[in-house]
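Notes to accompany the following structure.
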Amino acid sequence: MECRIGCAACCIAVSISSPIPGMPEGKPAGVPCIQLAEDRRRRLFGKPERPEICRDLRPSEDMCGRSNEEAFAILEALELATKPR
């Protein structure tokens with residue numbers, strides 16, 4: 001599966017605990033990554049400074065659903081399910 005252009009759910013909905021250029025402490029869930037361009041494309045795609053978690057994340061129907069809206073719903077639910085209580 002290929003990423004849907006303009007989706008960026010994985011760059012917004014989930015938290016990232018590893019450093020990102022411009023976000024040394026990572027990013028909280030629901031906050032767009034600072035490396036996300038206005039057109040929702042990733043500025044660091046294919047670059048060596050791209051965080052490992054972002055390089056290793058691969059789109060799949062289980063994670064991305066069939067639409068951008070489904071992707072956000074799935075990833076937000078996963079984020080809540082993995083939050084420490």
Side-chain angles (χ1 to χ4, degrees):
M1 178 175 184
E2 296 289 323
C3 283
R4 282 187 295 277
I5 302 298
C7 176
C10 59
C11 299
I12 300 170
V14 297
S15 59
I16 297 175
S17 58
S18 61
I20 300 165
M23 298 179 105
E25 303 298 318
K27 69 163 230 57
V31 173
C33 177
I34 197 166
Q35 296 299 331
L36 192 60
E38 294 294 321
D39 63 359
R40 288 194 167 183
R41 291 182 185 248
R42 296 164 198 95
R43 290 185 179 111
L44 295 179
F45 191 83
K47 295 185 178 179
E49 59 270 26
R50 186 176 184 202
E52 184 176 351
I53 186 73
C54 300
R55 282 193 308 267
D56 292 346
L57 191 63
R58 300 283 181 242
S60 69
E61 194 168 324
D62 289 345
M63 180 178 75
C64 304
R66 294 190 178 124
S67 68
N68 296 358
E69 293 77 18
E70 278 188 29
F72 274 91
I74 291 166
L75 291 172
E76 287 167 351
L78 283 171
E79 181 72 29
L80 285 175
T82 59
K83 239 182 180 181
R85 296 180 187 241

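Starting from 1, each residue takes its place in the sequence as its number.
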Listed pairs under 3.5 Å, donor-acceptor, residues 51-59 side chains, sequence neighbours left out:
from: Arg55; atom 1: NH1; to: Arg50; atom 2: O; distance (Å): 2.4
from: Arg58; atom 1: NH1; to: Arg55; atom 2: O; distance (Å): 2.9
from: Arg58; atom 1: NH2; to: Arg55; atom 2: O; distance (Å): 3.4

Exercise. Partners of Glu76 by side-chain hydrogen bond (donor to acceptor under 3.5 Å, both in side chains), sequence neighbours excluded?
Worked result: none

For this session: Identify, with sequence neighbours excluded, every residue that meets side chain to side chain contact (heavy atoms under 4.5 Å, CB included) alongside Ser60.
Result: Asp62, Met63

Can you give the donor-acceptor pairs under 3.5 Å from side chains of residues 13-32 to other protein atoms, not counting sequence neighbours?
from: Ser15; atom 1: OG; to: Glu79; atom 2: OE1; distance (Å): 3.4
from: Ser15; atom 1: OG; to: Glu79; atom 2: OE2; distance (Å): 2.7
from: Lys27; atom 1: NZ; to: Ile12; atom 2: O; distance (Å): 3.1
from: Lys27; atom 1: NZ; to: Val14; atom 2: O; distance (Å): 2.7
from: Lys27; atom 1: NZ; to: Val31; atom 2: O; distance (Å): 2.6

List the atom pairs, with distances to 0.1 Å, where a side-chain N or O of residues 2-9 and a protein N or O form a donor-acceptor pair under 3.5 Å, not counting sequence neighbours.
from: Arg4; atom 1: NE; to: Asn68; atom 2: OD1; distance (Å): 2.9
from: Arg4; atom 1: NH1; to: Gly65; atom 2: O; distance (Å): 3.4
from: Arg4; atom 1: NH2; to: Cys64; atom 2: O; distance (Å): 2.6
from: Arg4; atom 1: NH2; to: Ser67; atom 2: O; distance (Å): 2.7

For this session: Could you pull out all residues at least two apart from Ala37 that satisfy side chain to side chain contact (heavy atoms under 4.5 Å, CB included)?
Result: Asp39, Arg43

Problem set entry | Verdict with supporting geometry, Arg66 and Glu61, side chain to side chain contact (heavy atoms under 4.5 Å, CB included) | CA-CA 7 Å; Arg66 294 190 178 124; Glu61 194 168 324; 3.1 Å; yes

